[in-house]
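Values below: every heavy atom of this structure, side chains too, minus hydrogens, waters and symmetry copies.
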Amino acid sequence: MDGMLRLHDGDIGELSGAARATALQALVEDLRSPDPVVRDERAYGTAVRWIPGLDAAERRWLGDRAAGLFGDPAVQARAFAPLVLARIADAGDWRQEWWDAFAGWYPGETDLRGYDSELGWVHAAAHGSDLLAALARRPEQDPAPLFELAVARLLAGTGHVFDAQEDDRIARALAQILCRPGLGVAGSVGWLDAVSAAFRTGEPGPVPPWASNTMRTLRMLYLLVDRGLLTPGGDGPPSPVTHREAVLDALAATLAIVTPYLPSPSGRAQV
């Protein structure tokens, strides 16, 4: 399978018929590879190039196979599935079955390593957030499930403290959702209620990893809400959050629960 990708490193449009189908199958197989060069540099890089040129049936086929990887025993396969689905969503295709598979996997993934000396980038938490961000850019997407899934990932019990800027990536996804023009004030701040409730369960002693991860995510989100969100390519002016002041107040009030020296704003929007 690796040979197929080495032999054809051009555009998918250069292939047709059985050769095209075989190349797509090779792509899926290589997304499971424990070799980071095969999986990340070749297979995923090839997916990024090929997906815009696939027809609807091919994107559905690839999306179905990527969603199936959420049940794979190999963490690298599970962790790279959302990246492929994000590119398919950006290309204009999405199915409820893919969401169900993703939502069933993301909060419960226990292997949250960022980088492994043998596997290379694993980055399940960050890659899942990239799919949330891609879905947030779809006008027809209901934002509420996106908020709920991001919060479920943050609050899930874990012994792993994010060490590869996963908190920044989740914050970016949340900021992307918050930039949606039709989002109301209640939807913009209501998702923080579950975080506030979790923070209030804290007791004296070491900070649990989930709490540390969540605090740092919200701090980065505060910066993004205040400054605006750049596009993935970094070009153009930053996108503003739809209800900037209300979200800033809500974030500050939530962080004040676990930060005694941070004043809780008196002007938090009442919803």
Side-chain angles (χ1 to χ4, degrees), residues 82-83 86 89-90 106-107 112 114 123-139 141-156 161-196 198-199 209-259 261-265 267-269 271:
L83 288 181
D90 283 339
Y106 191 43
L112 301 180
H123 239 191
H127 292 173
S129 72
D130 290 352
L131 177 51
L132 289 175
L135 293 175
R137 292 190 287 269
R138 291 174 58 82
Q141 172 67 48
D142 180 1
L146 305 183
F147 282 128
E148 292 170 5
L149 195 56
V151 170
R153 176 62 274 174
L154 289 172
L155 301 186
V161 176
F162 292 153
D163 59 8
Q165 293 188 288
E166 293 90 347
D167 37 12
D168 288 5
R169 295 270 279 275
I170 297 174
R172 185 193 70 164
L174 287 166
Q176 188 74 66
I177 307 168
L178 289 165
C179 286
R180 292 172 62 95
L183 190 62
V185 175
S188 295
V189 303
W191 61 275
L192 282 164
D193 291 343
V195 179
S196 297
F199 280 171
W210 70 263
S212 177
N213 295 339
T214 304
M215 292 175 204
R216 289 185 286 115
T217 298
L218 296 190
R219 290 168 189 151
M220 174 52 70
L221 181 58
Y222 191 98
L223 284 174
L224 293 173
V225 172
D226 181 57
R227 306 294 292 179
L229 180 68
L230 292 175
T231 65
D235 53 336
S239 299
V241 165
T242 305
H243 297 285
R244 177 178 176 274
E245 293 302 321
V247 175
L248 288 175
D249 280 353
L251 286 169
T254 303
L255 286 167
I257 297 169
V258 290
T259 314
Y261 44 84
L262 176 66
S264 179
R268 177 177 177 176
V271 296

- Message: Can you confirm whether L131 sits close enough to L83 that some side-chain heavy atom of one is under 4.5 Å from a side-chain heavy atom of the other?
- Response: no
- Message: Treating T259 as the side-chain partner and A256 as the backbone partner, does any N or O pair qualify as donor plus acceptor under 3.5 Å?
- Response: no
- Task: Working to the nearest 0.5 Å, report the span between CG of L155 and CG of N213.
- Result: 10.5 Å
- Query: Under 3.5 Å, is there a donor-acceptor pair between the side chain of S239 and the main chain of C179?
  - Reply: no
- Query: Between CG of L192 and CG of L221, what distance do you get to the nearest 0.5 Å?
  - Reply: 7.5 Å
- Message: For a side chain to side chain contact (heavy atoms under 4.5 Å, CB included) check, start with the C-alpha distance between E245 and V185, then their side-chain angles and the critical distance, and finish with the verdict.
- Response: CA-CA 10 Å; E245 293 302 321; V185 175; over 6 Å; no
- Message: Donor-acceptor check, side chain of R180 to backbone of T242, threshold 3.5 angstrom: yes or no?
- Response: no
- For residues S188 and V247, report the shortest heavy-atom separation together with the two atoms involved. CB-CG2, 3.8 Å
- Query: Below 4.5 Å, heavy atoms only, C-beta onward: do S129 and Y106 meet side chain to side chain?
  - Reply: yes
- Item | Interatomic spacing from CZ in R137 to CG in D90 - rounded to 0.5 Å | 4.5 Å
- Positive for side-chain contact (heavy atoms from CB on, under 4.5 Å) with P238, one of T231, L229, L224, L230: L230
- Item | Which atom of A86 lies closest to which atom of D130, heavy atoms considered | CB-O, 4.0 Å
- Could you check if a side-chain atom of M220 sits within less than 4.5 angstrom of a side-chain atom of R172, using non-hydrogen atoms only? no
- Message: Does any part of the side chain of F147, heavy atoms only, come nearer than 4.5 Å to the side chain of D142, both counted from C-beta?
- Response: no
- Measure from the side-chain N and O atoms of H243 to the backbone N and O of L183, and report whether any donor-acceptor pair falls under 3.5 Å. yes
- Item | L146 side, atom CG; I177 side, atom CD1 - distance, nearest 0.5 Å | 4.5 Å
- Query: Are the side chain of D226 and the backbone of Y222 linked by a donor-acceptor contact shorter than 3.5 Å?
  - Reply: no
- Message: Which heavy atom of D163 sits nearest to which heavy atom of G114, and what is that distance?
- Response: OD1-N, 4.1 Å
- May I ask you to check whether over 12 heavy atoms, not counting those of R227, lie within 6.0 Å of atom CZ? no
- Heavy-atom nearest pair, Q141 first then L135, reads CB-O, 3.3 Å
- Task: Give, for atom OG1 of T217 and atom CH2 of W210, the distance between the pair rounded to the nearest 0.5 Å.
- Result: 12.0 Å
- Task: For R216 and D167, indicate whether the former's side chain and the latter's backbone hold a donor-acceptor pair under 3.5 Å.
- Result: no
- Message: Between T214 and F199, is there a side-chain heavy-atom distance shorter than 4.5 Å?
- Response: yes
- Note on the structure: Result for side-chain contact (heavy atoms from CB on, under 4.5 Å) between L132 and one of L149, L174, I170 points to L149
- Within a reach of under 6.0 Å around CD of Q165, are more than 12 heavy atoms found that belong to other residues, nucleotides or ligands? no
- How far apart are the closest heavy atoms of Q176 and A136, and which atoms are they? CG-CB, 3.7 Å
- Query: Does some side-chain heavy atom of L218 sit less than 4.5 Å from a side-chain heavy atom of T254?
  - Reply: yes
- For residues V189 and A246, report the shortest heavy-atom separation together with the two atoms involved. CG1-O, 3.6 Å
